[in-house]
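Below is one structure; the comments refer to it alone.
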Amino acid sequence: MVKFKKKSLSGSSKRWIQRHHNDDLVLKAKSLNFRSRAVFKLEEINKKIKFLNKKDNILDLGASPGSWSQFLVKKGFKNILAVDILNMQGISGVTFILGDFTDEKIQEKIKEKFNRIDTIISDIAVNTTGNKSLDSFKTNSITLDVLNFANETLSSGGNILCKYFNGELDKDIIEYVKSKFSKSKIIKPKSSRQDSKEMYIYCCK
Ligand SMILES: C[S@@+](CC[C@H](N)C(=O)[O-])C[C@H]1O[C@@H](n2cnc3c(N)ncnc32)[C@H](O)[C@@H]1O
């Protein structure tokens, strides 16, 4: 009998499987009328850590094209405020602010609309340039702003889930979280491309 040695998958086979899985998620999102495959990341993370509570005032940062807000509406959440530097097609039940989150005027607008913020979800990512360290530096700088805003504004026991990238400034993010929040957890959802440096960090005040 001929015995075959069990070989681990080559890099190109892994990439092929990952691309295929990604395409499946794009098609699945379309078939369920979600605007982006990003919806599966939020769904997966919430299944794991169950941090979204129906009565919460939820701030969705970097919300466009809108699949996370769509998911919240579908699940029966009522108080959703979404913000993005790009326009977002309206979603019934979601208030939208068009603007740059790092702009103080936009942060003031958020505080005017919500007198209490219980949960922040941030999927903010800058447009990629191909220069990975520059991209992670730019996105992670905004993530630090988001965490700082969360630290100042979240109600007691409030939650934040935000995207960051492994790379420039990631250690600053982890240090900041450890010093300011009572609980934190780093998550890499299966629905996030495994070959990307994208990560999520969940923290509780
Ligand atoms: C990965 S997409 C978010 C996808 C979204 N969660 C969804 O489910 O459809 C990242 C978003 O971050 C937004 N963004 C980047 N920089 C921003 C900033 N400074 N303020 C607000 N939004 C920003 C981008 O315009 C983009 O729409």
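On a predicted model such as this, the values are computed, not experimentally measured, just so you know. In listed order, ligands and their atoms are each counted from 1.
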SB check E198 R193 (cutoff 4.0 Å):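 Result for this pair is no, no salt bridge flagged.
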
Residues E108, K111; criterion salt bridge (Lys or Arg N to Asp or Glu O under 4.0 Å); working and verdict: CA-CA 5 Å; E108 284 312 311; K111 290 181 204 162; 3.5 Å; yes

Exceeds 12 heavy-atom contacts within 6.0 angstrom, atom NZ of K205: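 Enclosed.
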
Within 6.0 Å of CG in N127, more than 12 heavy atoms from elsewhere: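 At most 12 heavy atoms, drawn from other residues, nucleotides or ligands, come within 6.0 Å of this atom.
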
From L42 atom CG to K47 atom NZ, the distance as rounded to the nearest 0.5 Å: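 One gets 11.5 Å once the value is rounded to the nearest 0.5 Å.
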
Parallel, tilted or perpendicular: ring planes of F40 versus F34, cut at 30 and 60 degrees: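 The arrangement is perpendicular - the two ring planes meet at more than 60°.
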
Every residue of the protein that comes under 4.0 Å of ligand 1, judged on heavy atoms: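 Ligand 1 pocket, heavy atoms under 4.0 Å: S36, A38, G62, A63, S64, P65, G66, S67, W68, D84, I85, L86, G99, D100, F101, D123, I124, A125, I142.
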
